[in-house]
Amino acid sequence: MSTIGEKVNEIYDSFFKKTWSPMTGGIMLALLAIFMFAWQRPWGIVGGIRNWSDWIFYAVGIFDEEPPNPLYYSSSVMDLGLLAGAWISAVVAREFAFRMPPVLELWKGLIAGIFMGIGSALAFGCNVGGFYSALHNLAANGLTMMVGLIAGVIVGLKYLYWEMEHLTPGPAGPTFLGNIPPVFGILGIFGLIACAYAYGYSDVEDAGLMAGYLLIGSGIGFVFHRSRLCMVNAFREPFMTGEAAMGKAIAISVILGTFGIAIMKYMELRPEEAYVVPAFWWGSLVGGFIFGAAMVVAGGCGSGSLWRVAEGQIKLWVVIISFAMTNSLIRYWFEETGFIDKLGQPVYLPDIFGYGGSIFIIIAAMLIWYIVIDWNEESNKFVIEM
Amino acid sequence: MSDTKIAPDGLQVAHTLDAKGLSCPMPLLRTKKEIEKIKSGEILEILGTDPGSRNDIPGWCSRAGHEYLGEKEDSGFIRFYVKKK
């Protein structure tokens, strides 16, 4: 019989050190996305990183209007929370280290980030705001972005196969700071709680809301890192190796989140128009295609790049910086020229199909994807050979 | 929740792939390509720095029929061992 101490160690290892299954991660992510909307607004990624890069363009005089304070801007605080949560998970599991990739990978990160910025500007969001949270929020652009993402992923994968035959990555750079003691991760948890209290006691308007964004965002980052949940993997692996575990986890995560968020909208606890953006159909379809191809080359989507930044992967730092800066510039240009009104229509599925019909459509789309990739896992029918 | 499998000592390696610094999915793609260079029963060693390879390489081995022998921590990188089917 094990002692209490051994049992505590076992639970600690299961929670902080061992990798969670993709399905555990997918279910936890759906819960946290529901918590985020219950707190106030849907979960997103691009708004936060765009806010950070808007400040750079404002500082150098390219943008005239001062962007919102990143410490009191919901999207930014969510992203800061995600980074903190993923960093805590990485440090506690001894998986944090700055890892310098070969030069070729840095170039790929830079160029892929530019295309991710363009795609996400066209679709009004990355794989999170434009697809995952869009479907939770019963927005038609989530479905068209999914089609675009799948088509784009195939193109991105074909590029990687071409690269394998024609380019060599060269030597990697150094890996450093890989020995941070896990206790720093535990201290990080206390630091987050202290920041949440600081928001709670702040006199700044709506500062209390930031505490929730920070803590729920950090939960999302922790879940992502612990389960290595990755939407690039979910879309890419059925075509690369046939593996479907991540794809099935994301399908279930979308379904669970859709129920939770649809309930809040139906009961008028939250506005129906939340995350229904004017990108149906072509903005989300074309944006999804560009984003899908680029995220495969980058090795991370919006969320996946951010949690890998917190793990210390320098390539993904380059991806996030070029992704955010391109998105800032393109979004600014769209707004200045009025092109932002030409990307499509905001289509809220319940306006056409009712709540029942809309939930049915989203569940059907996810189940079809689930069944096809599950079948493909055995048959390898859609696996593209090298 | 998965445990890390530690490779046994004294493995006779037929070929080594240096995938240090590469991030997902490049270590796995290069592993798929490099394993074609060795014979059935021989061992491929992969040097990597991406923690994601801890899931990707064993998962691919079980799907492709190769035997995943485990990993060993080195200074700043991980050595993975795969026996070709």
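Each chain gets a letter, A, B and so on, in the order the sequences are listed, and its residues count up from 1. Worth saying up front: this structure is predicted, and the values here are computed from it rather than measured.
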Heavy-atom donor-acceptor pair, A:K315 side chain to B:S23 backbone, under 3.5 Å: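 It does not hold such a pair.
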
Under 3.5 Å donor-acceptor, A:R99 side chain and B:G21 backbone: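 No, A:R99 side chain to B:G21 backbone: no donor-acceptor pair under 3.5 Å.
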
Select, from [options], the one with the greatest count of heavy-atom pairs under 4.5 Å involving chain B.
options: A:E377, A:M100, A:R308; value: A:E377
options: A:A298, A:G178, A:P101, A:S227; value: A:P101
options: A:G300, A:A93, A:G242, A:P174; value: A:G242

Interchain contact, B:R54 with chain A, by part (heavy-atom threshold 4.5 Å):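 Contact with chain A involves the side chain of B:R54 alone.
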
Rounded to the nearest 0.5 Å, what separation is found between the [atom1] atom of [X] and the [atom2] atom of [Y]?
X: A:E237; Y: B:L28; atom1: CD; atom2: CG; result: 6.5 Å
X: B:L29; Y: A:E163; atom1: CG; atom2: CD; result: 9.0 Å
X: B:K32; Y: A:Y161; atom1: NZ; atom2: OH; result: 4.5 Å
X: B:D50; Y: A:E311; atom1: CG; atom2: CD; result: 6.5 Å
X: A:M246; Y: B:N55; atom1: CE; atom2: CG; result: 7.5 Å

Pick from B:C24, B:A64, B:P25, B:A19 with the largest number of heavy-atom pairs that fall under 4.5 Å of chain A: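 Of the candidates given, the most pairs with chain A belong to B:P25.
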
A:L160 side chain near B:M26 side chain, heavy-atom distance below 4.5 Å: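 Sidechains of B:M26 and A:L160: in contact.
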
A:R228/B:D56 under salt bridge (Lys or Arg N to Asp or Glu O under 4.0 Å): CA gap, chis, key distance, verdict: CA-CA 11 Å; A:R228 301 199 76 82; B:D56 295 345; over 6 Å; no

Residues from residues 379-386 of chain A approaching chain B under 4.5 Å (heavy atoms):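 Within residues 379-386 of chain A, the residues under 4.5 Å from chain B are A:N380, A:M386.
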
side-chain hydrogen bond (donor to acceptor under 3.5 Å, both in side chains) partners of A:R236, counting only residues at least two apart: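 Partners of A:R236 under the side-chain hydrogen bond (donor to acceptor under 3.5 Å, both in side chains) test: none.
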
